[in-house]
2 protein chains.
Amino acid sequence: MSTTMRAIQPANSLPPRPETPGLTADALDFLEQFGSTVRVRQGHKIYGAGEPAAFCWKLLSGCARTVKFMADGRRQVAEFLWPGDLLGLDDVGTHYFAAEAVTDTMLRRYPRSAVEAQANRHPDLALRLRSLALANLRRAHQQIILLGRETAKERVVSFLLDMDDHAVTAEGRLMVLPMSRTDIADYLGLSIETVCRHLVRLQREGILAIRRTGIELLDRAALREITS
Amino acid sequence: MSTTMRAIQPANSLPPRPETPGLTADALDFLEQFGSTVRVRQGHKIYGAGEPAAFCWKLLSGCARTVKFMADGRRQVAEFLWPGDLLGLDDVGTHYFAAEAVTDTMLRRYPRSAVEAQANRHPDLALRLRSLALANLRRAHQQIILLGRETAKERVVSFLLDMDDHAVTAEGRLMVLPMSRTDIADYLGLSIETVCRHLVRLQREGILAIRRTGIELLDRAALREITS
DNA sequence: CGCACTCTTGAGCGTTCTCAAGTGGAGTGG
DNA sequence: CCACTCCACTTGAGAACGCTCAAGAGTGCG
């Protein structure tokens with residue numbers, strides 16, 4: 001598979017919506033000796049669907065996505081990745097999803113053979129890897145509920161609240177969304193127009209403001225009310 | 001979380017649609033000493049959402065489902081479980097989904113503390129647990145694509161092909177579906193009426209026959225064509 | 001300034017949903 | 001054994017939500 005494993009949960013004021021265990025990266029630190037740093041430019045692939053899962057990756061900077069195409073071109077985005085997140089650990093033989101850079105990214109790449117070998121010798125690393133897989137699984141299950149049973153408006157709001165934990169810029173209020181509307185639509189199982197319209201509708205309700213460079217959340221309580 | 005971990009992949013003539021690694025249950029065998037056998041009747045809960053994940057379970061016989069309710073009653077079924085499948089292993093602290101018996105079931109129950117303790121000492125068990133988590137993750141990702149980007153007709157057909165691997169009766173052709181239409185609808189993110197209508201439509205096309213006790217697949221090639 | 005691209009807006013359509021009624025077994029009690 | 005009830009499933013009609021197609025607005029870049 002191609003999703004990701006969230007390695008570090010940043011200590012935000014708002015707790016992240018996916019309730020992940022408090023993981024730190026320390027148990028992975030001694031893998032550093034096997035790592036190499038890679039740069040992937042905006043829009044380019046990190047790894048492809050169907051390719052052997054020879055490496056796993058840690059996102060150092062930028063934003064990435066995991067995607068899968070259907071035969072006729074329909075696309076599903078499974079996850080967005082943020083600095084500190086791990087990619088490619090959830091595929092056994094070959095990658096199920098592809099991974100692509102949403103913005104210019106820097107990554108650290110580790111051979112899977114080294115990871116597996118170390119995991120065999122260090123129970124704490126094995127436990128960490130399992131915890132990461134389970135944290136990913138929980139997020140996948142949350143996405144299943146979102147896609148299976150939430151309305152378009154609820155999906156957009158859920159997305160905004162999720163992004164609120166990740167995409168906040170240093171200068172306060174404005175939430176910068178590095179991904180395109182198309183990415184958001186394919187992540188939420190909607191059309192790009194539906195995403196647009198609901199954002200505009202929320203803006204008219206005074207809940208948010210759409211800016212040139214991002215979105216400003218004006219009434220988080222109202223957003224949380226919508227997702228109930 | 002509350003989904004399941006598929007322990008054994010039965011050697012069917014048709015390969016199962018989710019490409020899981022070839023797992024056998026042997027590495028879990030020495031947990032048997034900690035297990036106890038439990039019977040859960042049709043419709044009753046095995047464990048509830050939000051409850052501490054104190055046990056994990058192996059389904060010995062019958063069929064089970066993992067479900068989650070939204071505040072207003074909307075329901076999502078995450079998975080159906082079959083004999084040999086493991087439940088409850090994918091939750092860290094508390095169960096995210098609930099698990100319920102679709103039919104009368106027999107289960108084997110293991111304390112998580114014992115599982116964790118053994119996993120710490122036996123790297124092969126730790127690896128097995130991780131493989132199970134990753135197999136579950138892959139199936140969750142397949143469900144995400146189904147829910148995000150497939151049409152109602154495609155979802156119903158995907159479901160039928162999945163069930164074809166599990167629910168086959170000994171007496172040949174008839175596929176017995178132990179779960180209700182409501183379960184199927186909540187699994188596929190559809191309304192019960194939409195599931196019905198598409199089944200009838202497929203029957204009219206001569207692809208299947210709806211029987212009192214189940215469904216007979218008449219043209220599997222046509223079904224596979226639909227999911228492309 | 002013009003081109004390319006993303007995002008927004010509009011109109012109309014279609015799939016799916018909701019609400020409602022009807023059907024048919026399975027089980028129960030007379 | 002036959003009514004009666006209950007429940008799951010099916011079928012129908014109409015509405016609603018989200019999609020498609022199309023055009024327009026805004027932005028960045030050469």
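Note that the coordinates shown come from a computational prediction; the quantities given were computed from them, not determined experimentally. Below, read A as the first sequence line, B as the second, and so on, with proteins coming before strands; counting in each chain starts at 1.
In 5' to 3' order, the nucleotides of DNA chain C bounding all contacts with chain A (an atom under 4.0 Å from a heavy atom) are C:dC7 to C:dA11.
Under the rule for a side-chain hydrogen bond (donor to acceptor under 3.5 Å, both in side chains), the partners of B:Arg112 that lie at least two apart in sequence or sit in another chain are B:Glu116. For the side-chain contact (heavy atoms from CB on, under 4.5 Å) test, residues two or more places apart in sequence or in another chain that qualify with A:Ser61 are A:Met106. Shown here are the side-chain hydrogen bond (donor to acceptor under 3.5 Å, both in side chains) partners of A:Arg74, two or more places apart in sequence or in another chain: A:Asp72, B:Glu154. Under the rule for a side-chain hydrogen bond (donor to acceptor under 3.5 Å, both in side chains), B:Gln42 has no partner lying at least two apart in sequence or in another chain. Applying the salt bridge (charged side-chain N to carboxylate O under 4.0 Å, His left out) rule to A:Glu225 yields no partners; only residues at least two apart in sequence or on another chain are considered. With sequence neighbours excluded, no residue satisfies salt bridge (charged side-chain N to carboxylate O under 4.0 Å, His left out) with B:Asp219. Judged as a side-chain hydrogen bond (donor to acceptor under 3.5 Å, both in side chains), and not counting sequence neighbours, B:Gln203 has no contacts.
Side chain of B:Arg149 to backbone of A:Leu190: a donor-acceptor contact under 3.5 angstrom is found. In this structure a side-chain-to-backbone donor-acceptor pair under 3.5 Å is missing from B:Arg108 to B:Leu60. A donor-acceptor distance shorter than 3.5 angstrom exists from the side chain of A:Thr66 to the backbone of A:Glu79, with no hydrogens or angles considered. The backbone N or O of B:Val40 lies less than 3.5 Å from a partner atom in the side chain of B:Thr105, making a donor-acceptor pair. At distances below 3.5 Å, at least one donor-acceptor pair connects side-chain atoms of B:Gln76 with backbone N or O atoms of B:Asp186.
A 4.5 Å side-chain heavy-atom check between B:Leu202 and B:Lys153 finds at least one atom pair inside the cut-off. Counting only heavy atoms from C-beta outward, the side chains of B:Ile207 and B:Val157 never approach each other to under 4.5 Å.
The CZ-P distance, from A:Arg149 to D:dC17, rounds to 16 Å in whole Å. A:Glu154 places its CD atom 14 Å from the C1' atom of D:dG18, with the value rounded to the nearest Å. Distance CD1 (B:Ile192) to P (D:dA8): 9 Å, rounded to an integer number of Å. We find that CG of B:Leu190 is positioned 14 Å from P of D:dT10, with the value rounded to whole Å.
Closest to the A:Glu193 side chain, of the nucleotides D:dC21, D:dT10, D:dC19, is D:dC21.
At a threshold of 4.0 angstrom between heavy atoms, the contacts of A:Ser180 are confined to the sugar-phosphate backbone, with no base atom among them.
Annotation: proximity of residues 207-219 of chain B to DNA chain D (heavy atom, distance under 4.0 Å) is found for B:Ile210, numbered in ascending order. Listed by residue number, A:Arg197, A:His198 are the residues of residues 196-205 of chain A with a heavy-atom contact under 4.0 Å to DNA chain D.
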Distances under 3.5 Å between nitrogen or oxygen atoms of protein and nucleotides 4-7 of chain D:
none

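Where pairing requires Watson-Crick or G-U contacts shorter than 3.5 Å, the helical stems of DNA chain D with at least three consecutive pairs are C:1-30 with D:1-30.
Between A:Glu150 and A:Arg155, the shortest heavy-atom distance links the atoms O-NE, 3.0 Å.
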Please walk me through it: do A:Phe55 and A:Tyr47 pass ring-ring contact (aromatic ring centres under 6.0 Å, His included)?
-> CA-CA 9 Å; A:Phe55 301 96; A:Tyr47 52 78; 9.8 Å; no

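A:Thr194 has a side-chain polar atom (N or O) that falls below the 4.0 Å cut-off from OP1 or OP2 of D:dC19.
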